[in-house]
**Q** 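Just dropping this structure here.
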Amino acid sequence: MITLNDCINSDAQDPIARLRDQFALPDNVIYLDGNSLGAQPKSAAMRAQQVIQQEWGQNLIRSWNTAGWFDLPSRLGDLLAPLIGARPAELVVTDSTSINLFKTLAAALQIQAKKYPHKKKIVTERQNFPTDIYMIQGLTAWLESDYEIVLVDTTEQLTAAIDTETAVVLLTQVNYRSGEMLDMHSLTAHAHAQQALTIWDLCHSAGAVPVDLNGCKADMAVGCTYKYLNGGPGAPAYIWVAERHLADFAHPLSGWWGHATPFSMQDTFTPTATIRRALCGTQPVVSLALVESGLQIFQQTDMATLRKKSLALTDLFIQLMTEQCPSNDLTLITPRNHEARGSHVSYMHPHAYPLVQALIQRGIIGDYREPSVMRFGFTPLYTRFVDVWHAVAALRTILETQAYQLNAVRHTVT
Ligand SMILES: *Cc1c(COP(=O)(O)O)cnc(C)c1O
């Protein structure tokens with residue numbers, strides 16, 4: 001049996017325990033939702049003040065040049081690159097994940113249509129995050145072409161579903177609900193053997209698990225910065241295109257920021273040769289600036305160290321749940337084997353929503369996802385081993401005393 005003392009010892013031996021001090025976390029909260037909205041880096045508050053008071057307030061429009069506003073999407077991309085196995089200058093931080101999905105899918109379909117016009121299948125998972133599926137549906141409906149959307153039901157069926165008719169494979173590496181992680185390397189290799197292109201959604205991967213986009217020879221990738229990367233609510237997302245596709249990468253949102261010379265004000269769109277062709281229009285500078293605060297903390301460690309701690313945290317949670325909450329109503333839906341696990345753990349329970357609400361009332365913040373899933377994110381930068389202990393102890397008490405409201409009010413955001 002694991003004891004509270006074991007958890008205290010694990011924290012004492014944790015080589016990155018001190019990184020938690022860089023986050024503004026309230027004392028009375030155990031935060032297990034960094035997979036949905038990352039905690040606030042303390043430096044973000046100072047940075048926001050600097051951007052608003054100094055750069056905007058005092059320097060006004062000159063800041064596009066003097067404060068590096070214009071270069072921000074590229075500079076942030078360079079900072080993020082090592083976390084996802086990309087090289088500097090291969091990605092930009094801009095727009096939302098949904099919009100970047102649109103751009104990558106449109107560009108990938110066009111590249112494929114020129115080379116392999118017979119390929120009409122777009123393969124994804126039925127369990128994928130809804131916006132990924134919705135964006136495929138929206139774009140293909142608008143194209144009025146005869147694309148076929150293949151929604152694969154289980155991850156085991158993915159390989160067989162990616163066949164010679166497949167144009168594009170759009171997958172999320174770590175599933176938002178179950179926390180299951182796909183094998184990016186083998187699925188990309190299989191897709192390429194079928195002459196299909198891959199788009200990887202890294203929303204639950206970047207900053208949570210090591211990613212090697214170039215090592216896997218992935219084609220394109222997108223992801224958000226407000227989850228494990230701690231960029232702030234609604235922070236801009238990123239878009240990565242493999243260098244070999246860049247010259248052919250054309251998307252329909254051809255705004256002036258993607259132009260080779262935006263301030264030459266020409267009447268014809270000529271895309272820049274760099275990844276900045278993935279930009280559309282003027283960037284949300286205040287939000288964008290705060291992304292840097294989150295990324296700077298990652299520079300003080302590396303993904304191998306973070307992965308080791310993440311697995312230790314999720315292992316501990318699963319083990320403690322087995323020991324302390326032996327309820328037959330609880331079903332673990334996250335893989336037990338490390339290769340297939342991201343950095344969050346999910347359980348199904350018939351009263352999952354009321355249980356999550358009861359936990360939140362006690363200051364233990366996880367979240368709820370349809371259907372009947374309790375989801376707990378373990379952010380290696382700031383989650384402590386004792387946090388895991390106290391979260392399970394609280395859930396045990398709630399379950400044993402049935403201290404939850406079956407008719408708990410459903411909030412808009414669950
Ligand atoms: C969080 C998440 C998104 C969110 O997309 P937005 O456009 O930022 O709202 C998309 N895909 C996945 C897999 C996610 O987990």
Side-chain angles (χ1 to χ4, degrees), residues 32-39 73 76 80 83-84 91-106 108 122-139 149 151-152 155 158 168-182 184 187 198-209 211 213 218 220-240 251 253 278-280 283-284 287-288 290-291 294 333-334 341-346 366-370 373 375-379 412-414:
L32 301 180
D33 216 356
N35 55 312
S36 208
L37 174 64
L76 296 175
L80 172 55
L83 301 188
I84 56 175
L91 68 155
V92 281
V93 176
T94 187
D95 296 331
S96 67
T97 301
S98 302
I99 290 172
N100 289 336
L101 282 166
F102 177 86
K103 295 182 224 168
T104 48
L105 184 61
I122 302 169
V123 175
T124 190
E125 289 190 279
R126 196 181 297 283
Q127 301 296 326
N128 200 347
F129 192 90
T131 209
D132 297 54
I133 301 174
Y134 300 162
M135 293 312 292
I136 301 174
Q137 291 169 342
L139 178 60
I149 305 170
L151 296 178
V152 182
T155 54
L158 264 176
V168 174
V169 181
L170 194 163
L171 295 171
T172 296
Q173 188 192 18
V174 176
N175 185 274
Y176 78 99
R177 189 191 282 118
S178 68
E180 177 173 4
M181 180 162 69
L182 299 178
M184 182 187 285
L187 282 164
T198 55
I199 300 170
W200 288 96
D201 184 332
L202 305 178
C203 277
H204 285 273
S205 307
V209 299
V211 178
L213 286 171
M220 297 174 198
V222 300
C224 65
T225 64
Y226 53 76
K227 292 172 181 164
Y228 290 95
L229 298 176
N230 309 308
Y238 49 91
I239 176 167
W240 173 87
H251 64 84
L253 303 180
L279 300 178
C280 181
Q283 305 297 308
S287 272
L288 209 51
L290 304 193
V291 174
I333 59 166
T334 304
R341 191 194 303 161
S343 201
H344 68 269
V345 176
S346 301
D367 64 23
Y368 171 82
R369 284 294 174 267
E370 288 291 336
V373 174
R375 193 174 69 150
F376 303 97
F378 300 90
T379 313
T412 313
V413 176
T414 62

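Numbering of ligands and ligand atoms starts at 1, following listing order.
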**Q** Around atom 11 (N) of ligand 1, find the nearest protein heavy atom and jot down its residue, atom name and distance.
**A** Asp201 OD2, 2.8 Å
**Q** When you check the side-chain N and O atoms of Glu180 and Thr155, is any donor under 3.5 Å from an acceptor?
**A** yes
**Q** Below 4.0 angstrom from a heavy atom of His204, which ligand 1 atoms are there? Numbered from 1 as shown, please.
**A** 15 (O)
**Q** Is any side-chain heavy atom of Ser343 closer than 4.5 Å to one of Tyr228?
**A** yes
**Q** Answer yes or no: is there a side-chain heavy-atom contact under 4.5 Å between Phe376 and Thr334?
**A** no
**Q** Once you restrict to heavy atoms under 4.0 Å, what part of Cys203 touches ligand 1? Side chain, backbone, both or neither.
**A** side chain
**Q** Hey, are the side chains of Thr124 and Leu151 touching, using non-hydrogen atoms and a 4.5 Å cut-off?
**A** yes
**Q** When you measure from atom 1 (C) of ligand 1 to every protein heavy atom, which one gives the shortest distance, and what is it?
**A** Lys227 NZ, 1.4 Å
**Q** Working to the nearest 0.5 angstrom, can you tell me the gap between Leu182 CG and Trp200 CH2?
**A** 5.5 Å
**Q** Number the atoms of ligand 1 from 1 as they appear, then name those within less than 4.0 Å of a heavy atom of Ser98, with their elements.
**A** 5 (O), 6 (P), 7 (O)
**Q** Classify the ring geometry of Tyr176 against His204: parallel below 30°, tilted from 30° to 60°, perpendicular beyond 60°.
**A** tilted
**Q** Quick check on contacts: which atoms of ligand 1 are under 4.0 angstrom from a heavy atom of Ser96?
**A** 7 (O)
**Q** Can you spot which of Lys227, Arg177, Arg375 makes a salt bridge (charged side-chain N to carboxylate O under 4.0 Å, His left out) with Asp367?
**A** Arg375
**Q** Any idea which atoms of ligand 1 are less than 4.0 Å away from a heavy-atom of Thr172?
**A** 13 (C)
**Q** Please classify the Asp132 to ligand 1 contact at 4.0 Å (heavy-atom distances, strictly less than): side chain, backbone, both or neither.
**A** side chain
**Q** Checking a contact table here: which protein heavy atom is nearest atom 9 (O) of ligand 1, and how many Å away?
**A** Tyr226 OH, 3.6 Å
**Q** Once you restrict to heavy atoms under 4.0 Å, what part of Thr97 touches ligand 1? Side chain, backbone, both or neither.
**A** both
